[in-house]
Structures are given as C-alpha cells and as structure tokens.
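A short worksheet on the structure shown next.
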Amino acid sequence: MKFTFCPQCGERLTTIFDERDRMYCKKCNKTYYDNPLPAVCGILINNNSILLIKRGIEPDKGSWALPSGFMESGETPEQAVIREFLEETGILTTVEKTIGVFAEESYLYGWILSLGFLLKYVKGTPQASSDALEVKFAPFKNIPPIPFSSHKFFMQKVGLPV
C-alpha cells in the first residue's frame, strides 16, 4: 500500500533510496515498505472436472476463475484457502498439497503473492455464495477462459489444460 502521509504521526512522507525507492517519515525516522498482498487459490478436481466460480466482483467480474481470495490477519495460508473455498462454493475441503507460489501485479491491488493449493473434498454441495455468481464443475476438455495468470499457472502445475 502506498502511503502519502505517515500512518503514525500524519507527517508527509518523503522518498528515500534504500536499495530501491521507499517512503520515509523524517519525524518518526521510519521507513515504509511496499509489500505484496498474500492471496490463496484452490483447485478441487472431481471426475475429470475442475470446480470453477463465475466472479461476482471486480477484477474480471463475470469471468470464470478458481475460488480464491486474500488471506486475513491471523490465518495460515491453508486456513485462508479452506475459508475462501467454503465462502465462495459452499464446499468444505482440506489441503492435499501446496501447488506453488506466483507473484503478479494487479491494477487494483498492486503486487499480489498467490499461493496455490490442491484441495480434497470433505462435504457440501456446490452453491454460489460470497463473491461468486455461479459455481460449476467444468470438464477438463471444456474449461472456459481464465483471466488470471496465477490461476492458469496453478492449473498448469497440476497438468490441466489452460
């Protein structure tokens, strides 16, 4: 997050160079770092199909994507992906394995560090909720266009066509 004013004292920040440009408060003698937002993404496979959601919010509202979202304070990445998946699809899962990590820049949020997980079904029936307009199992042979590079990366890592 880019600050213009110090969140501690309200003083206008200046730019200093410390290996790269960083925001700095002269009054507090504090440097502010621009760190990526942590996000999670889950893949659930069943009978040669992958569970997708139709996004109900920007970015890419109306597009098909993997269930995903931002980690919240106090959560592990595994807890976050289980929560996000349940919120968006109505399905409770457990983490089978970590797929990988992907960093990309978003026009809405700046840099995002996404962690992908392969999930196992525990219980529930697919139903759109939270940020999803629809939920469906898409056959591997008929996966709709996916707008996010991170989602495509994670799908390729588990051998799915993109």
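All values derive from a computational prediction rather than experimental measurement.
Remark: side-chain polar atoms of Thr98 are not paired, donor with acceptor, to backbone N or O of Gly100 under 3.5 angstrom. No donor-acceptor distance shorter than 3.5 angstrom exists from the side chain of His151 to the backbone of Ala65, with no hydrogens or angles considered. Although no hydrogens or angles enter the test, the distance criterion places no donor-acceptor pair under 3.5 Å between the side chain of Tyr107 and the main chain of Gly110. Judged by distance alone, the side chain of Gln79 and the main-chain N or O of Thr76 form a donor-acceptor pair under 3.5 Å. The main-chain N or O of Glu87 is found under 3.5 Å from a side-chain atom of Ser129 such that the two form a donor-acceptor pair. Remark: side-chain polar atoms of Arg22 are paired, donor with acceptor, to backbone N or O of Asp18 under 3.5 angstrom.
The two residues Ile50 and Phe140 have their closest heavy-atom pair at N-CE2, 3.9 Å. Thr89 approaches Pro67 most closely through the heavy-atom pair CG2-CG, 3.7 Å. Nearest approach of Leu66 to Leu51, heavy atoms of both residues: CD2-O, 4.1 Å. For the pair Trp111 and Ala103, the tightest heavy-atom approach, listed with the atom from each and the gap, is CZ3-C, 3.8 Å. Nearest heavy-atom pair across Leu44 and Leu119 is CD1-O, 3.5 Å. Across all non-hydrogen atoms, the minimal contact from Ser49 to Phe137 is CB-CB, 3.8 Å.
Taking 4.5 Å as the limit, every side-chain heavy atom of Ser68 sits out of range of all side-chain heavy atoms of Val40. Counting only heavy atoms from C-beta outward, the side chains of Ser114 and Phe148 never approach each other to under 4.5 Å. Two residues are said to be in side-chain contact when any heavy atoms from C-beta on lie closer than 4.5 Å; Glu11 and Cys28 fail this criterion. You'll find the side chain of Thr14 reaches within 4.5 Å of the side chain of Lys26, heavy atoms only.
Test Thr15, Asn29, Thr31 against Tyr24 for side chain to side chain donor-acceptor pair (under 3.5 Å) and you get one pass: Asn29.
Around the CG atom of Asn47, the shell of radius 6.0 Å holds no more than 12 heavy atoms that belong to other residues, nucleotides or ligands.
Distance check: Lys54 NZ to Asp131 CG gives 15.5 Å after rounding to the nearest 0.5 Å. We find the CD-OG1 distance between Glu78 and Thr93 to be 11.5 Å, quoted to the nearest 0.5 Å. With rounding to the nearest 0.5 angstrom, the OG atom of Ser149 is 5.0 Å from the CD atom of Glu104. A distance of 6.5 Å separates CE of Met23 from OG1 of Thr4, quoted to the nearest 0.5 Å. Rounding to the nearest 0.5 Å places CG of Asp60 at 7.0 Å from CD of Glu58. Separation of atoms CD1 (Ile146) and OG (Ser63) is listed at 8.5 Å; rounding is to 0.5 Å.
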Give the intermediate values and the outcome of side-chain contact (heavy atoms from CB on, under 4.5 Å) for residues Leu92 and Ile82. CA-CA 7 Å; Leu92 181 62; Ile82 291 167; 4.1 Å; yes
Residue pair Val81, Val95: steps toward the side-chain contact (heavy atoms from CB on, under 4.5 Å) verdict: CA-CA 8 Å; Val81 74; Val95 172; 3.8 Å; yes
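A continuous path of ILVMFWY side-chain contacts below 4.5 Å connects Ile45 to Val162, so both sit in one hydrophobic cluster. Both Ile43 and Phe102 belong to a common hydrophobic cluster when Ile, Leu, Val, Met, Phe, Trp and Tyr are linked at side-chain heavy-atom distances under 4.5 angstrom. There is a path of hydrophobic side-chain contacts, each under 4.5 Å, that joins Leu52 to Leu118. Residues Phe153 and Trp64 share a single hydrophobic cluster, defined by chaining ILVMFWY side chains whose heavy atoms lie under 4.5 Å apart. Ile143 and Val135 fall into different hydrophobic clusters, where Ile, Leu, Val, Met, Phe, Trp and Tyr residues are linked whenever their side-chain heavy atoms come under 4.5 Å apart, directly or through other members.
Aromatic rings from Phe117 and Phe85 are positioned such that their centres are separated by 6.0 Å or more.
Both the sub-6.0 Å distance and the 45° axial angle are satisfied by Lys30 relative to the ring of Tyr32.
We find that Glu75 and Arg83 are joined by a salt bridge, their nearest charged nitrogen and carboxylate oxygen being less than 4.0 Å apart.
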